[in-house]
Undergrad: 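Quick one: structure below, then a few questions.
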Amino acid sequence: MSSTALSSVTLSHLDWLESEAIHIMREVAGQCSNPVLLFSGGKDSICMLRIAEKAFRPGRFPFPLMHIDTGHNYQEVTDFRDQRAAELGERLIVRSLEDSMARGTVVLKSADEPRNKHQSITLLEAIEEFAFDACIGGARRDEEKARAKERIFSFRDEFGQWDPKNQRPELWDLYNARSFKGENIRVFPISNWTEIDVWQYIERERLALPSIYFAHRRPIVRRSGGMLPVTAVTPVKPGEVVEERMVRFRTVGDITCTAPVESDADSVAKIIAETAITTITERGATRLDDQTSDASMEQRKKEGYF
């Protein structure tokens with residue numbers, strides 16, 4: 001292609017975001033000796049897999065995939081996680097919060113306590129087990145105010161803790177992944193993406209998704225200011241009324257605290273149209289654990305949450 005033709009190429013905003021994410025992921029591979037890519041089967045981590053494909057294929061990824069499973073994740077999502085890792089031929093490490101409970105390093109106050117806030121312990125144990133010096137995650141700054149404080153290369157000390165006031169400058173897209181033994185870096189290549197960017201990228205790349213993201217009929221109850229699906233993990237409590245509603249999930253996590261939203265969006269195009277007019281963030285609408293002070297995102301992140 002001639003230089004004149006190249007100069008006339010117009011990149012879309014998705015091209016710019018993708019290019020930045022590929023650059024960041026390659027920086028991790030170049031600077032870190034033993035990184036890992038966090039992959040839950042959720043929409044953001046699905047985008048991260050596509051970024052990794054574009055950054056490193058036709059070779060293998062220079063890192064394994066890892067998921068910290070609470071034991072209360074939606075089956076549709078964990079099945080998709082396993083299937084996608086197998087399709088890519090990449091190593092998937094799964095570490096369960098229930099294993100930490102068996103070891104006594106996680107102790108729940110009650111059997112029905114939300115488990116998301118305890119994931120940091122299992123994550124830190126996995127980081128120590130494999131001596132990972134960098135964890136690549138799919139968090140975005142628009143999701144929640146504590147995540148907006150993160151650098152793209154976010155430093156954690158030898159205890160796995162995050163200090164929002166002690167982060168490294170990132171001038172001119174220069175990233176510093178240097179760390180001493182025991183310290184690690186959390187890296188967020190899609191920090192500058194928004195929820196609608198993710199959905200537009202999924203549409204452009206024709207990425208497969210767990211069915212839970214699309215509108216479907218599901219029994220729900222009203223609880224804690226939101227809706228919860230009726231499951232073995234979240235049974236109906238006395239006085240609650242079960243309703244059959246058309247719902248979808250904007251974000252997925254532990255069943256006990258991940259609420260669906262009412263929706264008839266059964267395609268990516270409809271989800272994009274719905275997302276474009278919503279005035280509530282995805283976590284603000286659907287993550288009940290973010291709405292309680294004792295389990296706030298910032299506190300969990302200081303304790304080691306991704």
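No hydrogens, no waters, no symmetry mates; every other heavy atom, side chains included, goes into these values.
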Undergrad: Taking Glu195 first and then Arg140, would you say they form a salt bridge - that is, a charged N and a carboxylate O separated by under 4.0 Å?
TA: no
Undergrad: Could you please spell out the steps behind the side chain to side chain contact (heavy atoms under 4.5 Å, CB included) verdict for Lys237 and Arg223?
TA: CA-CA 10 Å; Lys237 293 183 177 181; Arg223 187 183 302 171; 3.7 Å; yes
Undergrad: Hey, what do you get for OG1 (Thr258) to CE (Met227), rounding to the nearest 0.5 Å?
TA: 13.0 Å
Undergrad: Given side chains that start at C-beta, do those of Val187 and Cys135 come closer than 4.5 Å, heavy atoms only?
TA: no
Undergrad: Going by heavy atoms in the side chains, are Leu17 and Ile190 under 4.5 Å from each other?
TA: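 Sidechains of Ile190 and Leu17: no contact.
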Undergrad: As a test of understanding, state which of Arg204, His13, Arg50 forms a side-chain hydrogen bond (donor to acceptor under 3.5 Å, both in side chains) with Glu18.
TA: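 The side-chain hydrogen bond (donor to acceptor under 3.5 Å, both in side chains) with Glu18 is passed solely by Arg204 among Arg204, His13, Arg50.
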Undergrad: Would you confirm whether Lys43, through its side chain, and Arg250, through its main-chain N or O, come within 3.5 Å as a donor-acceptor pair?
TA: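 Pair found, side chain donor or acceptor close to backbone of Arg250.
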Undergrad: Which pair of heavy atoms, one from Phe63 and one from Ile136, lies closest together, and at what distance?
TA: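 Result for this residue pair: CE2-CD1, 3.7 Å.
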Undergrad: Mind checking the CD1-CG spacing from Ile202 to Leu14? Nearest 0.5 Å is all I need.
TA: 11.0 Å
Undergrad: Are the side chains of Val242 and Ile220 in touch, meaning some heavy atoms are under 4.5 Å apart?
TA: no
Undergrad: If you compare all heavy atoms of Asp197 against all heavy atoms of Asn192, which two are closest, and at what distance to 0.1 Å?
TA: OD2-O, 4.2 Å
Undergrad: To the closest 0.5 Å, what do you measure between CD1 (Ile271) and CG (Asp264)?
TA: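 CG of Asp264 is found 10.5 Å from CD1 of Ile271.
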Undergrad: Mind checking whether Trp193 and Phe188 have ring centres under 6.0 Å apart?
TA: no
Undergrad: State, without any angle test, whether Thr275 and Thr278 hold a side-chain donor-acceptor pair at a distance under 3.5 Å.
TA: no
Undergrad: Mind checking whether Phe80 and Phe39 have ring centres under 6.0 Å apart?
TA: no
Undergrad: As a quick check of understanding, evaluate salt bridge (charged side-chain N to carboxylate O under 4.0 Å, His left out) for Lys54 and Glu205, giving each step before the final call.
TA: CA-CA 11 Å; Lys54 293 195 174 187; Glu205 299 294 313; 3.1 Å; yes
Undergrad: Mind listing the closest non-hydrogen atom pair of Ser263 and Ala215 along with its distance?
TA: O-CB, 3.4 Å
Undergrad: Give, for atom CG of Leu228 and atom CD of Glu240, the distance between the pair rounded to the nearest 0.5 Å.
TA: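 The CD atom of Glu240 is 8.0 Å from CG of Leu228, to the nearest 0.5 Å.
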Undergrad: Does a side-chain N-to-carboxylate-O contact under 4.0 Å join Glu53 and Arg84?
TA: yes
Undergrad: Should Gln75 and Asp79 count as side-chain neighbours, where that means a heavy-atom distance under 4.5 Å?
TA: yes
Undergrad: Can you list the steps and then say if Trp199 with Thr194 is a side chain to side chain contact (heavy atoms under 4.5 Å, CB included)?
TA: CA-CA 9 Å; Trp199 283 110; Thr194 64; over 6 Å; no
Undergrad: What's the shortest heavy-atom distance between Tyr74 and Phe249, and which atoms?
TA: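 Here Tyr74 and Phe249 meet closest at OH-CE2, 3.3 Å.
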Undergrad: Is it true that Glu274 and Arg248 have a side-chain N and a carboxylate O under 4.0 angstrom from each other?
TA: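 Answer for the salt bridge query: yes.
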Undergrad: Classify the side-chain pair Asp69/Ser96 by whether it contains a donor and acceptor separated by less than 3.5 Å.
TA: no
Undergrad: Closest heavy-atom contact between His118 and Val107?
TA: CE1-O, 4.2 Å
Undergrad: Which value, rounded to the nearest 0.5 Å, describes the distance between Leu97 atom CG and Ile68 atom CD1?
TA: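 So the CG of Leu97 and the CD1 of Ile68 are separated by 9.0 Å.
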Undergrad: Within this structure, what is the CD-OH distance for the pair Glu27 and Tyr175, rounded to the nearest 0.5 Å?
TA: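 Rounded to the nearest 0.5 Å, the CD-OH separation comes out at 8.0 Å.
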Undergrad: Does any N or O in the side chain of Ser40 come within less than 3.5 Å of the main-chain N or O of His67, such that one atom is a donor and the other an acceptor?
TA: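 Flag not set: sc Ser40 to bb His67 has no pair under 3.5 Å.
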Undergrad: With a 4.0 Å cut-off on N to O distance, would you call Arg57 and Glu90 a salt bridge?
TA: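 A salt bridge is present here (some side-chain N lies under 4.0 Å from a carboxylate O).
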Undergrad: State which residue, out of Val28, Leu92, Ile51, Leu49, fulfils the side-chain contact (heavy atoms from CB on, under 4.5 Å) condition with Leu37.
TA: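 Among Val28, Leu92, Ile51, Leu49, the one that satisfies the side-chain contact (heavy atoms from CB on, under 4.5 Å) with Leu37 is Leu49.
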Undergrad: Given side chains that start at C-beta, do those of Lys270 and Phe214 come closer than 4.5 Å, heavy atoms only?
TA: no
Undergrad: Could you check whether Arg151 and Ser154, counting side-chain N and O atoms only, form a donor-acceptor pair closer than 3.5 Å?
TA: no
Undergrad: Restricting to non-hydrogen atoms, name the atom on Met48 and the atom on Gly137 that form the minimum distance, rounded to 0.1 Å.
TA: CE-O, 3.5 Å
Undergrad: Is it true that a side-chain atom of Ser45 and a backbone atom of Gly42 form a donor plus acceptor pair closer than 3.5 Å?
TA: yes
Undergrad: Is it possible for you to say whether Leu108 and Ile121 belong to one hydrophobic cluster, with membership spreading through side-chain heavy-atom contacts below 4.5 Å?
TA: yes
Undergrad: For the pair Ile24 and Ile152, evaluate side chain to side chain contact (heavy atoms under 4.5 Å, CB included) and give the outcome as yes or no after the intermediate values.
TA: CA-CA 8 Å; Ile24 291 166; Ile152 289 176; 3.7 Å; yes
Undergrad: Taking 4.0 angstrom as the limit, do Arg218 and Glu244 come out as a salt bridge?
TA: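 No, no charged N to carboxylate O under 4.0 Å.
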Undergrad: I need the single residue from Val236, Val230, Thr231 that forms a side-chain contact (heavy atoms from CB on, under 4.5 Å) with Thr234. Which is it?
TA: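 The passing option is Thr231.
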Undergrad: Do the non-hydrogen side-chain atoms of Tyr213 and Glu76 ever get within less than 4.5 Å of each other?
TA: no
Undergrad: Do Ser100 and Glu125 have side-chain atoms, one donor and one acceptor, less than 3.5 Å apart?
TA: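 Indeed, the side chains of Ser100 and Glu125 share at least one donor-acceptor pair under 3.5 Å.
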Undergrad: Look at the side chain of Asp133 and the backbone N and O of Asn34, then say whether any donor-acceptor pair between them is shorter than 3.5 Å.
TA: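 Yes; judged by distance alone, with no hydrogens or angles, the pair exists.
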Undergrad: Indicate yes or no: at least one non-hydrogen side-chain atom of Phe132 is less than 4.5 angstrom from one of Ile93.
TA: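 SC-SC contact between Phe132 and Ile93 confirmed.
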Undergrad: If you measure from the Lys or Arg side-chain nitrogens to the Asp or Glu carboxylate oxygens, is any gap between Glu243 and Arg217 under 4.0 Å?
TA: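 So Glu243 does not pair with Arg217 through a salt bridge.
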Undergrad: Flag yes if Leu38 and Phe130 sit in one hydrophobic cluster, no otherwise; membership is Ile, Leu, Val, Met, Phe, Trp, Tyr, and two members link when side-chain heavy atoms are under 4.5 Å apart.
TA: yes
Undergrad: Quick one, Asn73 and Ile255 - any side-chain contact, counting heavy atoms below 4.5 Å?
TA: no
Undergrad: Evaluate Thr122 against Asp99 for side chain to side chain contact (heavy atoms under 4.5 Å, CB included), listing each step before the verdict.
TA: CA-CA 8 Å; Thr122 308; Asp99 291 336; over 6 Å; no
